[in-house]
Amino acid sequence: MIIERNYYLNQLIQGQGNGLVKVVTGGRRCGKSFLLFNLFRKHLLESGISEDHIIGLSLDDRRSTLLRDPDKLLDYIDSKVKFDGKTHYVILDEVQLVKDFVEVLLSLMHNSQLEVYVSGSNSKFLSKDVVTEFRGRGDEIRVWPLSFSEYYAAVGGDKVAAWKDYYTYGGLPQVLQLPNEQKKMEYLANLFELTYLRDVIERNHLRNSVGMKQLVRILASAIGAPTNPRRISNTFKSLESISIKATTIAEYINYLKDTFLIEEAMRFDVKGRKYIGTETKYYFSDIGLRAAVLNFRQQEETHIMENIIYNELRKRGYLVDVGQVEIWEKDENGKSQRRKLEVDFVVNRGSERIYIQSAFRMPTVEKESQEQRPLLNINDNFRKIIIVGDDIKSKVNEHGIKTIGLLNFLLDPNSLIV
């Protein structure tokens with residue numbers, strides 16, 4: 001089954017000739033290699049680029065072990081370049097395995113005949129090394145697991161049935177190739193244990209592998225719930241009878257973020273226009289891996305829906321925070337009291353901002369009013385949207401708040417436009 005990833009392929013195509021190293025990042029098995037070596041390579045060939053002008057290497061392949069030496073890698077690439085004035089396309093998969101890889105990429109940039117495309121499965125590969133050293137000479141393309149629209153385009157059929165499979169097993173491309181539920185569960189469980197978890201432990205030389213595994217479980221069981229390292233440390237003490245310092249928890253969380261397993265949504269004071277450092281929320285980049293961490297228990301669709309909306313917004317290129325709106329209201333005795341209302345997502349992209357609520361069901365007028373309340377207390381003109389799990393037609397009320405069905409939001413790339 002060939003799954004087209006046109007959203008990412010178009011970014012690679014648009015980046016041709018921009019003088020930057022195209023850096024493809026994302027978690028393990030999300031489709032980076034297929035994007036580069038199949039879809040993009042096919043595009044190059046169909047565009048008239050000859051086979052001998054495409055230099056591709058998978059550096060996690062055992063047969064490429066010797067080429068992880070930076071000088072040998074450069075010598076190999078130089079040996080493949082034909083000095084005919086035509087552009088050569090260098091594609092390096094898992095380039096972070098090469099010692100001093102940043103220096104290698106800087107050296108390749110000195111050759112005007114080369115267009116360089118690289119991939120990596122650890123965010124430090126980009127954020128700590130490439131951005132710092134390249135100083136604007138790297139162009140990141142973040143690849144996510146399949147969005148629901150990509151997933152449904154591949155499987156077709158009944159949308160509700162496809163949604164159920166998607167929120168259970170997630171969007172890693174290999175999942176679609178597996179014949180039954182048992183194989184999918186085994187694949188995801190093994191991928192988490194043998195690839196993601198092992199990568200975190202070995203890369204960071206962790207001694208407390210049990211503590212790391214338990215941390216992932218705690219985060220998985222509470223997706224979308226506000227927390228912080230100190231609270232998680234207390235959870236270890238009360239539930240696991242394990243003592244782990246809050247500072248260690250914070251380090252472990254950063255390791256998990258580096259592998260693209262989880263993402264952090266910061267809490268933002270909408271009226272004060274500032275970040276609040278007390279608590280944040282964590283979401284899994286693939287909901288199937290989250291299910292595997294919990295042995296496919298705790299399949300609460302309401303929290304999973306919120307996680308998938310977060311991922312969709314991030315995939316569309318938005319920065320996503322968790323909003324807080326402070327209001328004053330009178331209690332039953334007429335005394336003023338301060339309350340804090342939550343906006344599920346404060347979404348930003350350039351000058352664009354959207355406030356979004358995730359509501360699994362809105363069966364009553366009272367429930368609808370409850371979801372609208374935080375939005376109505378935001379005094380600006382940015383768009384305000386409620387995404388509801390029911391299959392409904394989009395509508396805009398007298399306050400300008402748009403309500404949209406979940407599947408409509410996920411399948412329509414223009415769904416956020418009022």
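For the residue pair D93 / S33, a side-chain donor-acceptor distance below 3.5 Å is found, with atom types taken as modelled. If you check the side chains of T403 and N397, you find no donor sitting under 3.5 Å from an acceptor. Side-chain contact check for Q370 and E366: no donor-acceptor pair (N or O, by modelled atom type) lies under 3.5 Å. Under the 3.5 Å distance criterion, with hydrogens and angles disregarded, no donor-acceptor pair is assigned to the side chains of E326 and Q324.
With hydrogens and angles disregarded, no donor-acceptor distance shorter than 3.5 Å links the side chain of T195 to the backbone of F192. Judged by distance alone, the side chain of S149 and the main-chain N or O of L411 form no donor-acceptor pair under 3.5 Å. Under the 3.5 Å distance criterion, the side-chain polar atoms of T364 are matched with a main-chain donor or acceptor of K367. Counting only distance, with no hydrogens or angles, the side chain of N408 and the backbone of I404 share no donor-acceptor pair below 3.5 Å. Of the possible polar contacts, one joining the S147 side chain to the E150 backbone as a donor-acceptor pair under 3.5 Å is found. Although no hydrogens or angles enter the test, the distance criterion places a donor-acceptor pair under 3.5 Å between the side chain of T235 and the main chain of R231. Using a distance-only test at 3.5 Å, with no hydrogens or angles considered, no donor-acceptor pair links the side chain of R28 to the main chain of Y196. With hydrogens and angles disregarded, a donor-acceptor distance shorter than 3.5 Å links the side chain of D380 to the backbone of F382. A donor-acceptor contact shorter than 3.5 Å links the side chain of S107 to the backbone of E103. Checking side-chain atoms of E279 against main-chain N and O of N228 turns up no donor-acceptor pair under 3.5 Å.
Rounding to the nearest 0.5 Å gives a distance of 11.5 Å between CG of L188 and CD1 of I287. Here the CG atom belonging to N307 is positioned 11.0 Å from the NZ atom belonging to K281, to the nearest 0.5 angstrom. L108 CG to E115 CD: the interatomic distance, rounded to the nearest 0.5 Å, is 12.0 Å. Of the inter-residue distances, the one linking I387 atom CD1 with I308 atom CD1 reads 12.0 Å to the nearest 0.5 angstrom. To the nearest 0.5 angstrom, F236 atom CZ is 11.5 Å from N234 atom CG. Atoms CZ and CD1, on F37 and I54 in that order, are 10.5 Å from each other to the nearest 0.5 Å.
Counting heavy-atom neighbours within 6.0 Å of D391 CG, excluding the residue itself, gives a total of 12 or less. Environment of NZ in K271: crowded, with over 12 heavy atoms of neighbouring residues, nucleotides or ligands closer than 6.0 Å.
Between S243 and K237 the shortest side-chain heavy-atom distance falls below 4.5 Å. Looking only at side-chain heavy atoms (C-beta outward), V322 and D344 stay at 4.5 Å or farther from each other. Side-chain contact between P374 and Q357 is present, with at least one heavy-atom pair separated by less than 4.5 Å. By the 4.5 Å heavy-atom criterion applied to side chains, L176 and I3 are counted as neighbours. Looking at heavy atoms from C-beta onward, R142 lies in side-chain contact with S285 at the 4.5 angstrom threshold. Side-chain atoms of Y169 and E181, non-hydrogen and from C-beta on, do get closer than 4.5 Å to each other. Taking the side chain as every heavy atom from C-beta outward, L313 and I309 approach each other to under 4.5 Å. Side-chain contact between V175 and D165 is absent, with no heavy atoms from C-beta onward closer than 4.5 Å.
Salt bridge annotation for E301-K164: absent, with no cationic side-chain nitrogen under 4.0 angstrom from a carboxylate oxygen. Under 4.0 Å is where a charged nitrogen must lie from a carboxylate oxygen, and between R198 and E193 no such pair does. For the pair K22 and E140, the salt-bridge criterion is not met [side-chain N within less than 4.0 Å of a carboxylate O]. The pair R349-E352 meets the salt-bridge criterion, since a charged nitrogen lies less than 4.0 angstrom from a carboxylate oxygen. Ion pairing of R361 with D390 is present here, as a side-chain N (NZ or NE/NH1/NH2) and a carboxylate O approach within less than 4.0 Å.
Contact record, R29 with L172: O-CD2, 3.6 Å, taken as the closest heavy-atom pair. Nearest heavy atoms, G19 versus M109: O-CE, 3.8 Å. Closest of all the heavy-atom pairs between K32 and G27 is NZ-O, 3.0 Å. Heavy-atom minimum distance, A161 versus D158: N-OD2, 2.8 Å. Heavy atoms only, all atoms of each residue included: V325 and N377 are closest at CG1-O, 3.6 Å. Nearest heavy atoms, K384 versus L375: CE-O, 3.3 Å.
Here the options are L59, D60, V102, V104, the test is side chain to side chain contact (heavy atoms under 4.5 Å, CB included), and the partner is V95; only L59 passes. Considering K257, R314, K315 as possible partners of E263, the one that fulfils the salt bridge (Lys or Arg N to Asp or Glu O under 4.0 Å) test is R314. Between Y275 and the options D321, T280, D269, a side-chain hydrogen bond (donor to acceptor under 3.5 Å, both in side chains) holds for only D321.
Looking at residues two or more places apart in sequence or on another chain, you find a side-chain hydrogen bond (donor to acceptor under 3.5 Å, both in side chains) between E329 and R339, R373.
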* To do: Check the pair N311 / D286 against side chain to side chain contact (heavy atoms under 4.5 Å, CB included), numbers first and verdict last.
  => CA-CA 8 Å; N311 290 348; D286 180 71; over 6 Å; no
* **Full working for side chain to side chain donor-acceptor pair (under 3.5 Å) between Q16 and Y89** => CA-CA 10 Å; Q16 286 182 247; Y89 293 82; 3.2 Å; yes
* Asked: Is there a salt bridge (Lys or Arg N to Asp or Glu O under 4.0 Å) between E300 and R290 once you walk through the steps?
  -> CA-CA 12 Å; E300 323 91 330; R290 179 258 179 187; 3.3 Å; yes
* Asked: When you look at L36 and S119, which way does the side chain to side chain contact (heavy atoms under 4.5 Å, CB included) test go after all the steps?
  -> CA-CA 8 Å; L36 286 170; S119 80; 3.8 Å; yes
* Asked: Could you walk me through whether L39 and F34 pass the side chain to side chain contact (heavy atoms under 4.5 Å, CB included) check?
  -> CA-CA 7 Å; L39 301 178; F34 186 81; 3.6 Å; yes
* **side chain to side chain contact (heavy atoms under 4.5 Å, CB included) assessment of I55 paired with L92** => CA-CA 8 Å; I55 306 167; L92 303 176; over 6 Å; no
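Ring-centre distance between Y355 and F345: not below the 6.0 Å cut-off.
The ring-ring contact (aromatic ring centres under 6.0 Å, His included) contacts involving residues 300-336 comprise Y283-Y310, where partners must be two or more places apart or lie in separate chains.
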